[in-house]
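Remember, predicted model here, so these are calculated numbers, not experimental data. Just follow the structure's listing: the first ligand is 1, and inside any ligand the first atom is 1.
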Amino acid sequence: MSSSDFVYGKFSEFYNAPSTAFPSPTLLGQRELGFLLFKGRIMLRHKVFARINDFKSFLGEVVPSDVYRSCAYYENPEAEMDKKGWLGADLVFDIDADHIPTSCDKLHDEWTCKACGLTDKGEPPKHCSKCGGEKFDTKTWVCEQCLDSAKEETTKLIDILQRDFGFSDKEVHVFFSGHRGYHVHVENEAAKTLDAMARKEIVDYVTGLGLTISNRGRKGQKGKKTSEKFFLCDFAWNKRIKQGMRNFISAATVDDLQNIGLKRAISNIIFTKKRLVLSNCIDEGLWESVPGISVGTWRKLAEYVKDLESSKIDTVVTTDTHRLIRMNGTLHGKTGMKKIEFPLKRLEDFDPFEEAVAFKEGGVKVFVSGAPKFRLGGNVLGPYRRKTVEVPTAAAVLLICRGRAEVAS
Ligand SMILES: [Zn+2]
Ligand SMILES: [Zn+2]
């Protein structure tokens with residue numbers, strides 16, 4: 001059996017199994033659905049289903065590699081784009097490990113020069129060091145560290161959406177995407193009709209773009225120089241930075257402080273007078289009460305903390321009011337894992353490598369060209385290099401979908 005027939009067969013079994021169920025999104029009949037087919041990588045768009053059971057039957061017949069639904073609600077979801085009659089859209093966020101700097105890509109990503117075949121780990125270089133070629137085949141992987149960092153960004157995002165924007169537990173939905181990260185959907189009447197510009201403002205807020213730390217300038221008297229004061233108030237980003245600064249300084253060593261660009265002498269002062277800095281400067285707002293810590297130092301700290309506290313979302317997803325996003329409960333064509341929703345309060349202990357596994361039975365013999373050590377559905381597997389091995393079905397589907405293995409004959 002070819003590897004692609006094997007994967008298609010498994011997807012077909014999943015979509016035709018009586019036990020497979022899909023939670024219906026709000027107003028299903030007003031949404032556009034899209035299906036990417038295995039064959040020819042063709043995208044079927046502008047589909048509409050009034051009932052979730054009709055949708056499931058269609059999946060069983062068509063067996064797509066990926067399934068999407070619009071964030072938007074339309075008068076006529078099956079019409080051409082400009083005739084759909086946009087009524088509103090969920091506010092959606094995509095947190096993708098690809099957009100977050102991590103060090104693990106050097107451990108699990110590989111590239112091969114298309115011209116000379118040179119291969120190495122990590123991200124491909126601009127030019128091949130052997131032949132100067134500029135085209136590369138890349139094989140990426142998503143590890144626990146990748147998804148942990150995506151989860152951290154998701155946690156920050158949800159905190160901003162709830163504490164600063166006031167969206168409730170009922171309005172904020174969190175999902176594992178089935179591959180590299182998390183999706184957050186907000187369903188709220190006021191947010192529903194926001195246009196792309198308004199959504200961009202929300203994106204800027206979440207990412208901290210254009211945030212200036214306020215200074216209360218003192219007017220200089222009679223030609224004297226204007227002096228600046230550092231100041232943070234007690235709401236929104238100001239409060240976030242204050243809290244973030246408190247956390248950072250509490251745990252920081254002299255080296256940590258130096259690493260963000262502070263001079264050694266200043267880092268020493270902050271470190272040795274930590275308690276005073278926390279209580280007088282940060283809690284009381286007497287920012288210049290510790291000699292040696294200037295407005296410039298506070299600004300540097302605030303800038304650093306802003307980066308820590310902002311959420312690294314994929315910004316274009318949120319601003320696109322016609323966006324198609326993966327449908328809850330369906331399989332991701334690059335992993336064979338499910339997109340699934342879970343309660344907000346479970347974010348910390350949610351385990352994608354257990355809970356998003358779709359294929360829980362049986363095993364398959366595969367030839368693995370290369371794969372790092374990984375954990376999936378209660379099994380720890382690999383590392384593999386040019387090896388024929390029997391693995392659980394979920395792992396076989398994952399390895400084949402990632403281009404790391406073939407079904408062994
Ligand atoms: Zn080369
Ligand atoms: Zn990783």
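If you put the vertex on the Zn ion (ligand 2), SG of Cys146 and SG of Cys143 sit 120° apart, to the nearest 10°. Rounding to 10°, one obtains 110° for the angle at the Zn ion (ligand 1) between SG (Cys131) and SG (Cys116). Atoms NE2 of His108 and SG of Cys104, as seen from the Zn ion (ligand 2), are separated by an angle of 110°, to the nearest 10°.
Relative to the six-membered ring of Tyr73, Lys192 meets both conditions, a distance below 6.0 Å and an angle of at most 45° to the axis.
The environment of Arg51 atom CZ is sparse: at most 12 non-hydrogen atoms of other residues, nucleotides or ligands sit within 6.0 angstrom.
Side-chain atoms of Asp256 and Thr253 include a donor-acceptor pair closer than 3.5 Å. Using modelled atom types, one finds no donor on one side chain facing an acceptor on the other under 3.5 Å when comparing Ser294 with Arg299.
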